[in-house]
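Below: one structure, written as structure tokens.
Throughout, a chain's letter reflects where its sequence line sits, starting with A, and its residues are numbered from 1.
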Amino acid sequence: MSGRVMVGIFQNEDDILSVTSEVRKEGYTILDIYAPYAVHGLDKAIGLQPSRLPWVCFLLGLIGATSKLGFEYWASASDWPLNVGGKPWNSLPAFVPITFEVMVLFAGISTVIAFFIVSRLYPGRRATSVIPGVTDDRFALVLEETDAAFEPSDVRRLLERYGAIEVIERTGESLP
Amino acid sequence: MKSGILTIVLSTGLFFSALYLAARAGTVHIPGNQQDYQPVQPIAYSHRLHAGELQMPCLYCHFSAEKSRHAGIPPASVCMNCHTLVTATFGAVRAEEELATKEQRKPRTLVSPELQKIYDALGLDANRKPDPARTMKPIAWTRVYKLPDFVYFDHRAHVGAGVICQTCHGPVEAMERMRQVPDLSMGWCVNCHRDATKNGVAGKKVYASIDCSTCHY
Amino acid sequence: MSADYKKYWRSLEEYEAGDALDEQAAEEFADTPLREGAEPGRREFLLAAGFTLAGAALTGCGRAPVEKAIPLLRQPEGILPGRSYYYATVCGGCSASCGLLAKGRDGRPIKLEGNPEHPVSRGGLCAVGQASILGLYDSLRLQQPMARGKSASWREVDEEIAKTLDGIRKEKRTVRVLTQTVASPALNSQIRGFLKGFPDARHVVYDVLSASPILDAHRQTHGARVLPRYLFQKANVIASFDADFLGTWISPVEYTSGYSEARAVEATPPRSAWHVQFESRMSLTGTKADRRIKLAPEQIPAALEHLAVRVARKAGSPVLPAAGSPVPLPDEVLDELANRLWEARGRSLVVCGLPGAEAQVLCNFVNHLLGNYGATLDIAAPSYQKQGDDRELTALVDEINAGKVGALFLHGVNPVADLPGGEELAKSLARIPLLVSLSPRLDETSPLARFVCPECDPLETWGDAEPVAGVTAISQPAIRPLGQARPAIESFARWSGNGASAHELVRSFWQESVYPRQAGQEAFEAFWKKSVEAGFARVRPQPMAVKPFDVQAVKPMSAGRSSTGKLALVLYPTPAMPDGRHAYNPWLHELPDPITKATWDNYASLAPATAGRMALQDGDVVRLLISGNAIELPVLIQPGQHEKVVAVALAYGRTVSARFANTGPKWLEQRPTPGPNGMIGANAAPFLLLKDGSVRYWRDDVKVTATGKRRPLAVTQAYSSLTVPKNLDPGGGPRPIVQETTLEALGTGGAKHESEPVMELWPDDHPFTGHRWAMTIDLNACTGCSACVIACQVENNVPVTGRDEVMRNRQMHWIRIDRYYSGPPSDVEVAHQPMMCQHCEHAPCETVCPVLATVHSSEGLNQQIYNRCVGTRYCENNCPYKVRRFNWFEYSRDDRLANLTLNPDVTVRSRGVMEKCSFCVQRIQDAKAEAKLQNRALRDGEIQTACQQTCPARAIVFGDVNDPRSKVAQRMNSGRRYRVLEEINTRPSVGYLKIVRAKKTDTDKEGGARG
Amino acid sequence: MAEVQAVSRPPLILGDKSLTQITSDICSAMLRRPGALWWIGFLFSLTLLAIGATVVTYQVATGIGTWGLNNSVGWAFGITNFVFWIGIGHAGTLISAILFLFRQRWRTSVNRSAEAMTLFAVMCAGVFPLIHMGRPWMGYWIFPYPNFRGPLWMNFRSPLAWDAFAISTYFLISLTFWYVGLIPDLATIRDRAGAGLRRRLFAFFSLGWNGSFRTWQRYEIVYTLLAGLATPLVVSVHTIVSWDFATAVIPGWHATIFPPYFVAGAIFSGMAMVLTLMIVARTVMHLENYITVRHVEVMCKLVILNSSIVALAYGTEFFMAQYSGNPYEQFVFLNRAFGPFAFAYWTMVSCNVLIPQLLWFKRIRTNIAVVFVLSLLINVGMWFERFVIIVTSLHRDFLPSNWASYRPTTIEVATLVGSFGLFFTCFLIFCRILPMIAMAEVKGVVAHERAQRRNRK
């Protein structure tokens, strides 16, 4: 992250989509793209791997459900079996609703927490946008100036060709 | 960067609070738990002396424990079974006797200030005979073992089943002043009942119910 | 004054937290009678009371409040803190004088139970008797004598009375003692002794519920003023002419017990006494009758006469050839009754509650012809339960009004409120030079008295009773007098110049007068001790100068006034409030009337047709007017009542009931308990008629006018039929909640119950291997008398909620008696069904409680754990029987004196928790602990629930259904047994035994046997 | 196919807004000084809330007896309100989660407010189970926590326990879902706001969101997962609420039809409430371009659908009672329609079945004022539906001796009023301090529509 970066600022969803594909084809390293909303198709254009968050969701949901079901059984049938309305100690059907709720709670909350962790979002974190406009109407493409092959003026031209309204160069320190 | 410092300070604080609480977990009581309650009593009665040294059986004084729900605090008349004659500690009496022999006089009757309180309560005169001029004044002991109003504990069932007093009241024979040994929580009761049903009491098979209505009604 | 003993008694076991510092507590205690303790033993114990805990202030620091434990200084033998003890004594609730066992705890009586050994009441006790314990702890009872309206000391009062009496003796002025029936022979003799010294002195006795005509009639027919002892247990056919013998007539507990025995269909041999009731209103007795004949009040004597004529004809007696008045009902009815009575000669019983000796003579005649004297009526050993003489009362009232009485002593009576012409009488009474009232409370009469010399509560003093000849009972105190009231017997002794205590007086009376009548050889001391312990002694009855039946006395009835066609007013006592002396008692006010289910009021009952004709509805206030006297009462429509009748309960509208102004929870929309007159109900006594030496309880020609006002009644049962309203009826007939069978269907063998198929959806994890508690209730025996309701209330610390809460359907009684009507509204059949927690094996309430506050015990109890309850009320919603009761508010426990009735074995529930019948689990636990201590198994019948214990009809049986020899298991196997709502598979532990209806002999009744 | 259809429809967002216009439109709605209308509404709601808070304090201090309940009718107003509010909440989740999964783009204009509505409704609902307890201060016993009682856990067989878990889960998941949706918009506002407290607060809560596409990608996944979890959750919540009644033995409650019936009813009432709120909001907050007539119309169609389901359930209940041959069951339904609470029953039928039929007509659907009135009536009807189910079943059940009536006290009415106060106060505050419309999502929709338009050209 210590290297220099080049930021292309766009105004249009289509432009950012096409420039991304083009830049990737050219072999430049896209450090990140900043957008005001989730642009569809951009993940493909940028070539991101699918997230593993669904696995977190599934596993924690499973853990929540099994541990709750186990607890309910243990508490009702083993730890202190109490005769409730003549129902059997193991009233499995009656244990299902809470099991389900706890599963959803575990899965949901843990997924969000995992998301915050992997995306390093936490309260008080300083926002490090390239330009403030990315939360309004600007799209920013950030390229890393990786090696000698990176020729800033070529890239600048490329970006401008795809409708960049502004191209700036920066040192990477101010970037996430 | 500021927020980073804040985060560090907060989490350190949290960590130490948790550590502190964990360390004190054994001694901190939830509200209502009177464990280790050891109030000062109006008369400095020593269980250690009576039950320990003199080996008096518990049921001698707390005679209703095997007949009633309450073990009861003995009426002053029970104290008088012995303390009509015994009015002071052995040591003090011996010392007085020695002094008297030395001074060649009849030994004086010594009355310990604590026992005097019983005599006062019963309205007795200097010869420990009822004095109609004096009012009887009951002794207000401070209750140590106390259950909430919605719990019914029956001493007779426990004494009858062979549970020895120390099981619940601890080593009373070693206590100078009475102290509440268990926490008297419901879990303490229930787990003892479970254990009694499983392992018996004093080698005898018993059934200690853990139905709610065993204690709550 | 009251504050003084309140302080003292507060420091009993039920300590009040946050009250007084420990020093104060100690001082308080020091100031008790303990210091007087001259004679140790039980008496001292009664003074000082047992294990004492005094509350103290919070010590802070999150610790629980410091609690003081104050033991006795000297412990009386045999009495331990926390252990109940029982003393046999006599009930002071009414003159029937049932045998009691007063249950005491830590120095104070907490519950009254029937004495099962007692030969008259046989272990039962009525609602009034159960509730009478509250009289002891009534904080508004007079604590001290009063002279001219101000508190005085006994010495002053006694001196002044003695001085005045001396003057009267010298001036030879008249002295009168006016009492209700004095059950105590010792007191009677004391009064006789007191009056002996005066030239013109007389003891006048009257009863609010008079039996004077019966006594008068026996004077005519048998030459002696006796009240026969009615032996219902020996009767096979019972005919009652307006005698509510199961509810309020003379000795209801005794009669209910006998009646129940006479109708024990499963006894060997089976009994099923046939009972016909002639009455104009719906009485408790009428609800149980096999044949209830509804007649206007003036027609009932005619019916009796017609019956007499028929029986006389059968007996071949020429005395009564024809009846004067026209027969008011079909011949077949009277023919059948006459036939049945005749067939059951010597095993039948005709009772008559009509006013006037004329009708009673006829009743005696019928009983005589049937040979019932000596069989079902005993006049050789008669009853002394009613001794009132209305003739003498009339004479006394005239004397008083004429200003001829020099001194009048009142004991147990409240003539201003109970007698007609009370206002006039009050003026005359105020003019009597020496008027002394022994009333324990300031009622309508006692404030007029120059001296009020309050007598003790029966539980505070020694006394005796002889309810029926040959059964003498001793009433012993269960507590030292709480105030400075003095037993009546002591007062009369003091005024006769005798300073002895009640104990000495009763004892010496027994030595002189009772001991000689006993058969045994033992010394007096042993006899006395034995009698005190048992509560009664069987002795030789006093010889009665009874002559053989005098046929000359029988005369045809003077032609009864033919019906005017106008409404008649019938004044009656209710089983809950038979006598205004109990008007202080909130339990009795809140007890739903067994028939109308109304509480906290009296009302004008009208037949549905009558109300319809007058366009009146429940709760419309009407004005009742007879010759200048008027009262306003709300209307209650009473099915089964005669169309020409307005019925109003007596004993209401008493000044002592003004105390209920603050009864009930206080909140924004609370409505007061007393009525617009500031009292509970209105007094109907002014409508009574004291005429021809007899009190008439009905008046013809009452004017009923609507006032346009409304006062909705606090009724605990809003819907009274098992058939749903017609417009909402999906068909299918009445709901099988109360089931009935007929004698024929029952057969003779006592069919066994067929076991139901058991369907299980899930594994049965809950075998009940040890005890399994269950209850059976015999609906055939249950009379609906409601004694169980009060017994349960006392035993289980059930609070009084006040009228407004009852109106909101929030009464707290754990056991209620559902009353269902069937058949046409003009002539209904009635079923009583006690309903309490059914302790279902598959309890719907348990499943829905989120916090496990109600779960099943291993012995089949549905446990309710108050301290765990958070009050979601889900259990209550899901209870098909709706027997759970919720503490909507912190129901008042302000009266700390009344709190002494609280049972220390039962938790006092706080606001926001659910409660319900526990099958008296405290009694189960106590019996189990006791059996364990004695190293033996529990015996069947050892555990009696409070409702079972008090039931005069023995309708309730409780026990271990897993023990096949237990009574409850046997009754569960009865062919009559069914369970309520069996079809929803809740599997209740309560089994009901079907009502047995006698075979219908006519077709005019609808609603056949169900189930 | 879907594309073609979408094209032929009028645009979801009117006025051909540019992205930055959207930002400023929505932000300015909340940054502007509130108008008189808002203040009037806010003060009114606050008054209602104050009334509610007062009576609840009084009730908790005095006893639940201050409600008109009795020995037979243990639940009435309180639980009616609870079910009513829970039902309201369901529409919010439906819009945000279910319609998200179905890729219904029109939801973007209303989902933020609908989710907020869910939260506030669940808050209102959650108050009632707590305050209806006899001892609310012991309410925590309803959860299993380690204790010194043996330990004594709780009854997992009780539908009320299920309720407690369902509602807490529902609230937490809804809150999370709503918050996750808010993060990008919070960042937008943060970047527009100058220095000061507002910026600091938004900076804190936006968690340092910078619009990075890596985050956006995970965000989309998380959002989809949450939507996927919330969908069965919302169904489960009202199913469990319906089990409060369906698992009981009381005739009129004990019915297997309850879960679908309740869920449909919940969405029905919720949609009506969304309509009410949106119509008010678009007027008060000047968002006519974002919440268009087309939005209203779509929601009206959902209302008709749910009304029909509810009507079917009403009919089925009667049929099942008749068909069961169970006289207790049959009686309960006759009693509902013709007994003492017939007025409540017929109010329910009129408002829930008859009146919504008007929405079949496009002229009515597109008349905002009429729709507003209808939506209010439906809310009234749905409140009565719960009242009818609860009270008519309880007041006359098995034993005729138990039959009783029920009359609400002023305390109960004031508590209901107070719950509306709480709801609207929260909602109005929400309108002021947070973006009412999901800017990031609307931008996506606008860009999408613009792209389609361009493609067409």
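- Checked options A:Phe71, A:Tyr73, A:Trp80; the residue passing with D:Trp153 is A:Phe71 (criterion: ring pair (Phe, Tyr, Trp, His ring centres under 6.0 Å)).
- A perpendicular orientation is assigned to the rings of A:Phe95 and D:Phe156, their planes being inclined by more than 60° (bins at 30° and 60°).
- Nearest approach of D:Gly89 to D:Thr118, heavy atoms of both residues: O-OG1, 2.8 Å.
- Ranked by non-hydrogen atom pairs under 4.5 Å with chain D, the options A:Met103, A:Arg138, A:Glu72, A:Lys87 are led by A:Glu72.
- For the 3.5 Å distance criterion, the side chains of A:Glu101 and D:Ser236 qualify, holding a donor opposite an acceptor.
- Residue D:Phe143 places its CZ atom among more than 12 non-hydrogen atoms of other residues, nucleotides or ligands, all under 6.0 Å distant.
- For A:Pro93, no part lies near chain D; criterion is any non-hydrogen pair under 4.5 Å.
- Of the listed residues D:Ala166, D:Gly150, D:Ala164, the one with more heavy-atom pairs under 4.5 angstrom with chain A than any other is D:Ala166.
- Of all the listed residues (A:Val56, A:Leu53, A:Thr111), the one sharing the greatest number of non-hydrogen pairs under 4.5 Å with chain D is A:Leu53.
- Between D:Tyr223 and D:Tyr219, the ring planes are parallel. Angles under 30° get that label, and only those over 60° would be called perpendicular.
- Proximity to chain D is absent for every atom of A:Ile16, based on heavy atoms less than 4.5 angstrom apart.
- Contact annotation for D:Pro232: both backbone and side-chain heavy atoms come within less than 4.5 Å of a heavy atom of chain A.
- In this structure, chain A has no heavy atom under 4.5 Å from any part of D:Ile189.
- Within the 4.5 angstrom heavy-atom criterion, atoms from both the backbone and the side chain of D:Trp162 approach chain A.
- Between D:His238 and D:Phe262, the ring planes lie tilted relative to each other; the angle falls in the 30° to 60° range.
- Using a 4.5 Å cut-off between heavy atoms, D:Ile240 touches chain A through its side chain atoms alone.
- Each of A:Ile33, A:Val84, A:Ile98 has some count of heavy-atom pairs under 4.5 Å with chain D, and the biggest count is that of A:Ile98.
- Of the residues listed (A:Leu105, A:Val104, A:Ile109), the one engaging D:Leu229 in a side chain to side chain contact (heavy atoms under 4.5 Å, CB included) is A:Val104, and it is the only one.
- With a threshold of 4.5 angstrom between heavy atoms, D:Thr215 approaches chain A through its backbone and through its side chain.
- Of the atoms belonging to A:Val118, heavy atoms from both backbone and side chain fall under 4.5 Å from chain D.
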